[in-house]
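Notes to accompany the following structure.
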Amino acid sequence: MSGAPQRTLLLWCPDWPVLAAEIVDGVPATDPVVVLHANRVIACSERARAEGIRRGLRRREAQGRCPHLTVVDHDPGRDVRAFEPVVAAVEEVVAGVEVIRPGACATAARGPSRYLGGEEAAAERIVEHVAQTCAVESQVGIADGVFAAGLAAREGRIVDPGGTREFLAARPVEALGRPALADLLRRLGVRTLGEFAALPAGDVLARFGFDGALAHRLAGGRDDRPLAVRQPPADLTVTADHDEPIDRVDAAAFAARTLAERLHERLAGYGLACTRLGIEAVTAHGQELHRVWRHDGLLTAAAIADRVRWQLDGWLSGSNGRGGTRPARPTAGIVRLRLVPDGVLAQAGLQPGLWGETGAERERAHRALSRVQGILGPEAVVTAVLGGGRSPADQVRLVPWGDERTPARPGPPPAVAPPVPAGPSSPAVSLVPGAGAAPGAASAPVVVPAGGGARRRAGRGRAVAESPWPGRIPPPSPAVVLPAPLPADVRDAAGEPVVVSARLAVSAAPARLAVGDGRPAEITGWAGPWPVDERWWAPAEARRRARFQVSLADGAALLLAVEGGQWLVEAIYD
């Protein structure tokens, strides 16, 4: 484990997607311009901001605020092609430049500051050289770590060594660039990076996972790279040689995807993930090209392929921006492509499973469900969360996709419920002798003996079992829980209504059941009653009822409840 985070110099070009559209497509950046992705604004020009347009607005709302707005679709390849000359210009002044994303690149501050006479002098020299070479305005920030340097660059600020934590403390949690995490922290009452950094690291890892732990370190002014990154073994590098030189972007994209999948599979075989990727290319004339991409997190196979494709697009397109005399593109096509994982993280959870890559299906499902939520609303996609409770409806809570999956009642339902007696006057065995199999069981009936495993509370008239939820029906659970119970009529063999007394004594064995206005059906087997006496200490909320399992002659099996003398159908067994 290393010591303090490395002093980092980061160059940032404001509104880069807008500026890239001007460089490549000729869209005037001085006009009100917005760049859209997924029908939302991800970047806007200065004139657009003056009209009240901000990131995150939908297209219709943005056009409503500014009718003469120029709309440009997001194109990562265009952003990289326009940014490549800027990175090349920075490399003419300093060495070891890493691309964070189109519009931002970083390097260690120690070398340039010593060579150019201090950090402030180095920042001024780089900004001036980029402006003269590429006619692009930029800002430089210097701080301890890449994350803090990126925030400092937005203010053109140099943070004193050791002062990064104080610099970050007052920033909002949205500065982490993780919208889902920031929204959750807001709802938990954590609004600033300082408050987030003050949380115990172990609790953050347990609650928010690996990505949340990385964000927690960033909020505390500690760069995540030096902790776990090590130089990978040489055999992790993947190389592809091409007989026919690649000089088209579409062919380069195909080669990039194939090579990225090979690299990701090799890393997964070692239980590793790439965080810093080196892309090397050799042309037919021997010209060597090299660029390093840095990522805050773990690079998936798709993320690796995207960065390789973007970089090859930037090299082969050879955009020179608005100035410069460098060659427009390589002198020949690419004959060798090489991917070098410069930094890797050991992650045991990334070991591939027996049937493919771990987590791939989950990621696809997450994207699909999130898209449906975006169309139909957050309440349109829900997942079930099991918890405690006595009735099947109480044991399941429907939670919108992406929300915290916590049960509505504490304690998971036990696998097998303890037996609960129905009372001194109830049957010794709750399955009537000679009746058919109990519902939900293919061959074995559900038999609940009257004694053992429970004790009675004196004067309360109810059983208390050694279970978190006494009175819970035994397994198996019903397949369908009705949103609103259906009224029913239960009668004995003589046609008289079956009544359950206050002491849970059944007046006669149930023989026929009619649901609503339907025709009566013969009851071939029954089990119960299971008493429920809830919130007896609060008269306004008290509820007392008993449940039965019944099987019918037509093969159906139902869960019944009797409350206040009224029979109800609560659920249906499969």
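Residue numbers start at 1 and run along the sequence shown.
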### Val34 and Leu69: CA distance, side-chain angles, deciding distance, side-chain contact (heavy atoms from CB on, under 4.5 Å) verdict
CA-CA 7 Å; Val34 295; Leu69 189 66; 3.5 Å; yes
### Smallest separation among heavy atoms of Pro102 and Val80, with atom names
CG-CG2, 3.6 Å
### Message
If you define the side chain from C-beta out and look only at heavy atoms, does anything of Arg207 sit under 4.5 Å from Leu184?
### Response
yes
### Query
Are any of the side-chain nitrogens in Arg186 or Asp183 under 4.0 Å away from the carboxylate oxygens of its partner?
no
### Task
I would like to know whether Trp530 and Leu504 meet side-chain contact (heavy atoms from CB on, under 4.5 Å); could you show each step before the answer?
CA-CA 9 Å; Trp530 288 279; Leu504 301 174; over 6 Å; no
### Task
Evaluate the criterion side-chain contact (heavy atoms from CB on, under 4.5 Å) for residue pair Ile523 and Arg512; output intermediate values, then yes/no.
CA-CA 5 Å; Ile523 297 177; Arg512 290 186 174 277; 5.7 Å; no
#### Entry: Minimal non-hydrogen separation, Leu176 against Leu193, with atom names
CG-CD2, 3.6 Å
### Task
Answer yes or no: is there a donor N or O on one side and an acceptor on the other, between the side chain of Arg217 and the main chain of Ala213, under 3.5 Å?
no
### Task
Might you point out which heavy atoms bring Cys66 and Ile53 nearest each other, and give the distance in Å?
CB-CD1, 3.9 Å
### Task
Could you label the plane-to-plane angle of the His37 and His74 rings as parallel, tilted or perpendicular, counting under 30° as parallel and over 60° as perpendicular?
perpendicular
### Task
Check the surroundings of atom CZ in Arg49: do more than 12 heavy atoms from other residues, nucleotides or ligands lie under 6.0 Å from it?
yes
### Task
Taking the side chain as every heavy atom from C-beta outward, state whether Pro341 and Leu263 have any atom pair closer than 4.5 Å.
yes
### Query
Considering only heavy atoms from C-beta outward, does the side chain of Leu168 approach that of Leu151 to under 4.5 Å?
yes
#### Entry: Reported CG-to-CZ distance for the pair Asp533 and Arg543, which is rounded to 0.5 angstrom
12.0 Å
### His216 side chain reached by Arg222 side chain, heavy atoms, under 4.5 Å
yes
### Query
In Å and rounded to the nearest 0.5 Å, what is the CG to CZ distance from Leu560 to Arg545?
13.0 Å
### Message
Would you say CZ of Arg491 has more than 12 non-hydrogen atoms from neighbouring residues, nucleotides or ligands within 6.0 angstrom?
### Response
yes
### Message
With a 4.5 Å cut-off on side-chain heavy atoms, are Ile42 and Leu36 touching?
### Response
no
### Message
Rounded at 0.5 Å granularity, tell me how far CG in Leu267 sits from CZ in Arg262.
### Response
12.0 Å
### Message
I need the Ile304 CD1 to Arg257 CZ distance, nearest 0.5 Å.
### Response
11.5 Å
### Message
Below 30° counts as parallel, above 60° as perpendicular, anything between as tilted: where do the rings of Phe196 and Phe208 land?
### Response
perpendicular
### Query
Within a radius of less than 6.0 Å around CG of Asp517, do more than 12 heavy atoms belonging to other residues, nucleotides or ligands occur?
no
### Nearest-0.5 Å distance that lies between atom CZ in Arg40 and atom CD in Glu61
9.0 Å
## Note on the structure
Shortest non-hydrogen pair, Gly64 vs Pro67, comes out as O-CD, 4.4 Å
### Summary
Nearest heavy-atom contact between Glu563 and Arg544 is CG-O, 3.5 Å
### Query
Taking it one step at a time, do Val173 and Arg191 satisfy side-chain contact (heavy atoms from CB on, under 4.5 Å)?
CA-CA 6 Å; Val173 291; Arg191 294 176 173 80; 5.7 Å; no
### Aromatic ring proximity Trp567/Phe548, centre distance under 6.0 Å
yes
### Query
Under 4.5 Å between any side-chain heavy atoms of Arg54 and Val41, yes or no?
no
### Query
Under the 3.5 angstrom rule, does the side chain of Thr192 hit a backbone N or O of Arg171 as a donor-acceptor pair?
no
### Message
How long is the straight-line distance from CG of Leu185 back to CD of Glu174, given to the nearest 0.5 Å?
### Response
9.0 Å
### Query
How about Val238 and Arg266: do any of their side-chain heavy atoms sit closer than 4.5 Å?
yes
### Task
Keeping the roles fixed (side chain from Ser507, backbone from Val498), state whether a donor-acceptor pair exists under 3.5 Å.
no
#### Entry: Val33 side chain near Val72 side chain, heavy-atom distance below 4.5 Å
yes
### Task
Determine the minimum heavy-atom distance between Leu559 and Gln549, stating which atoms define it.
CD1-CG, 4.2 Å
